[in-house]
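Along the sequence shown, the residues carry numbers beginning at 1.
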Amino acid sequence: MHLKYLNKVVFSKEDEIEFNNLITYYLQNNISLNELCECYLTILNDTLEETKFFIEYGHYRYNKFDEVKNKIYFNEKYMKKYMIGLALSSYIWIAHIKVRKYFQNYINSTNLNGNYFEIGPGHGEFFVRALKSLKFQYYLGLDLSPTSCELTKNMVENQVNDLIKKCEFLCKDFFQFDFNKKADLIVIGEVLEHVENPLVFLQRSKELLNENGEIFATIPINAPAIDHIYLFSHYDEVFDMVKKADLKIKHYEYFMANDYSLEKALKFKNAITMAVVLTK
């Protein structure tokens with residue numbers, strides 16, 4: 001079944017070059033093709049298991065951070081597989097492909113400069129793209145997972161060399177870290193579904209934003225995964241949360257798994273990724 005899906009994936013020339021570069025990077029870091037396949041199959045199979053649970057019960061398996069933190073974020077072996085598998089999915093899963101390109105277009109078109117904060121950089125995909133844009137003077141990657149911090153830092157060191165002097169990577173809790181700067185752009189890529197109270201997370205992000213700054217966030221809706229603990233079941237819930245956080249939506253877009261229409265995805269509770277650009 002998955003082979004049938006993979007045969008439908010169309011690579012542009014740019015996609016092919018970037019994907020080959022990603023594979024080459026991992027190979028150079030002593031991760032074999034067999035291991036890369038294992039990483040991808042780990043996230044694929046675990047997501048399928050969580051999808052079965054979601055279809056049967058109508059909710060995610062976990063809803064507390066304590067239920068997943070040691071299983072995922074502080075489990076170095078699993079977290080590494082999970083993050084690498086996610087990085088590969090950016091070139092394989094339809095919604096992830098479209099989100100990757102949407103973020104690249106956003107970074108290319110923005111006039112923002114100054115300080116770039118990314119909360120939960122994961123495998124480093126967005127962080128590297130933002131850094132290569134050369135638009136910001138300072139880049140901060142903050143993540144709770146030591147494995148994620150290390151993966152992002154390693155990818156940056158490999159791909160942008162001396163630009164790493166502009167970067168700081170911290171393995172800290174977003175809610176407890178004492179920031180000494182404000183941001184012109186805060187990127188929150190598929191993070192809000194990992195926290196128990198995403199509204200508080202957005203409110204905290206707003207506090208860290210310069211007056212004319214923006215927040216770029218991607219938010220999965222009806223998208224079960226092994227560490228997703230907050231269920232957004234409709235895009236209206238995202239609009240309501242943004243309003244409660246006293247933020248304004250500048251742009252938004254939907255990206256559906258399996259290339260469904262938005263209506264079909266909502267009807268069958270199929271995964272949707274919503275991308276939003278927020279301002280004060």
Side-chain angles (χ1 to χ4, degrees), residues 43-44 46-55 57-75 78-79 82-83 85-87 89-90 93-96 98-100 102-103 118-123 125-126 142-145 148 173-175 186-206 215-245 247 249 252-258 262 265-266 268-278:
I43 187 173
L44 176 66
D46 284 353
T47 301
L48 288 173
E49 283 301 311
E50 297 310 308
T51 300
K52 290 177 188 175
F53 183 94
F54 179 61
I55 291 170
Y57 297 103
H59 59 82
Y60 293 164
R61 189 184 302 269
Y62 306 112
N63 59 24
K64 299 293 183 185
F65 181 74
D66 283 346
E67 294 178 291
V68 297
K69 65 179 183 181
N70 292 324
K71 185 181 179 70
I72 313 294
Y73 308 119
F74 301 122
N75 180 340
Y78 183 85
M79 188 65 175
Y82 188 35
M83 287 297 99
L86 268 180
S89 78
S90 295
W93 294 1
I94 291 171
H96 288 193
K98 291 182 177 181
V99 168
R100 169 173 55 83
Y102 186 80
F103 179 74
E118 186 165 343
I119 314 303
H123 44 72
E125 168 83 31
F126 282 2
L142 188 79
D143 204 298
L144 193 67
S145 165
S148 182
D173 187 328
F174 175 65
F175 292 108
I186 299 176
V187 172
I188 308 168
E190 299 207 12
V191 172
L192 295 176
E193 71 280 9
H194 296 268
V195 300
E196 294 178 27
N197 194 331
L199 172 59
V200 174
F201 197 104
L202 266 191
Q203 290 170 331
R204 169 77 164 142
S205 300
K206 182 191 173 186
I215 296 170
F216 178 98
T218 56
I219 305 157
I221 298 167
N222 293 324
I226 196 167
D227 57 345
H228 289 187
I229 62 173
Y230 190 94
L231 172 60
F232 292 94
S233 57
H234 195 281
Y235 55 77
D236 282 343
E237 296 172 18
V238 177
F239 289 130
D240 289 344
M241 177 181 64
V242 170
K243 185 176 181 180
K244 288 176 181 176
L247 288 161
I249 294 184
Y252 67 90
E253 189 63 74
Y254 306 111
F255 304 98
M256 279 61 71
N258 303 312
L262 178 61
L266 287 170
F268 293 102
K269 293 188 177 297
N270 205 251
I272 301 166
T273 301
M274 184 175 180
V276 294
V277 178
L278 309 175

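Asp240 and Tyr235 form no side-chain donor-acceptor contact under 3.5 Å, judged by distance and modelled atom types alone.
Taking the centre and axis of the six-membered ring of Phe54, the NZ or CZ atom of Arg61 falls outside the cone set by 45° and 6.0 Å.
In terms of the side-chain hydrogen bond (donor to acceptor under 3.5 Å, both in side chains) criterion, residue partners of Glu49 (sequence neighbours excluded) are, by chain and number, Lys52. Contacts of Lys269 classified as side-chain hydrogen bond (donor to acceptor under 3.5 Å, both in side chains), with partners at least two apart in sequence or in another chain: none.
Residues Leu202 and Val242 meet the side-chain proximity criterion, which asks for heavy atoms closer than 4.5 Å. With a 4.5 Å cut-off on side-chain heavy atoms, Met256 and Leu262 count as touching. Counting only heavy atoms from C-beta outward, the side chains of Glu196 and Tyr230 never approach each other to under 4.5 Å. The side-chain heavy atoms of Ile219 and Phe232, taken from C-beta on, include a pair separated by under 4.5 Å. Side-chain atoms of Ser148 and Tyr73, non-hydrogen and from C-beta on, never get closer than 4.5 Å to each other.
Side chain of Asp227 to main chain of Val68: no donor-acceptor pair is present (N/O by atom type, distance under 3.5 Å, no hydrogens or angles). Although no hydrogens or angles enter the test, the distance criterion places no donor-acceptor pair under 3.5 Å between the side chain of Tyr254 and the main chain of Ala275. A donor-acceptor pair under 3.5 Å is absent between the side-chain atoms of Thr273 and the main chain of Pro220, judged by distance alone.
Other residues, nucleotides and ligands place more than 12 heavy atoms under 6.0 Å from the CZ atom of Phe65.
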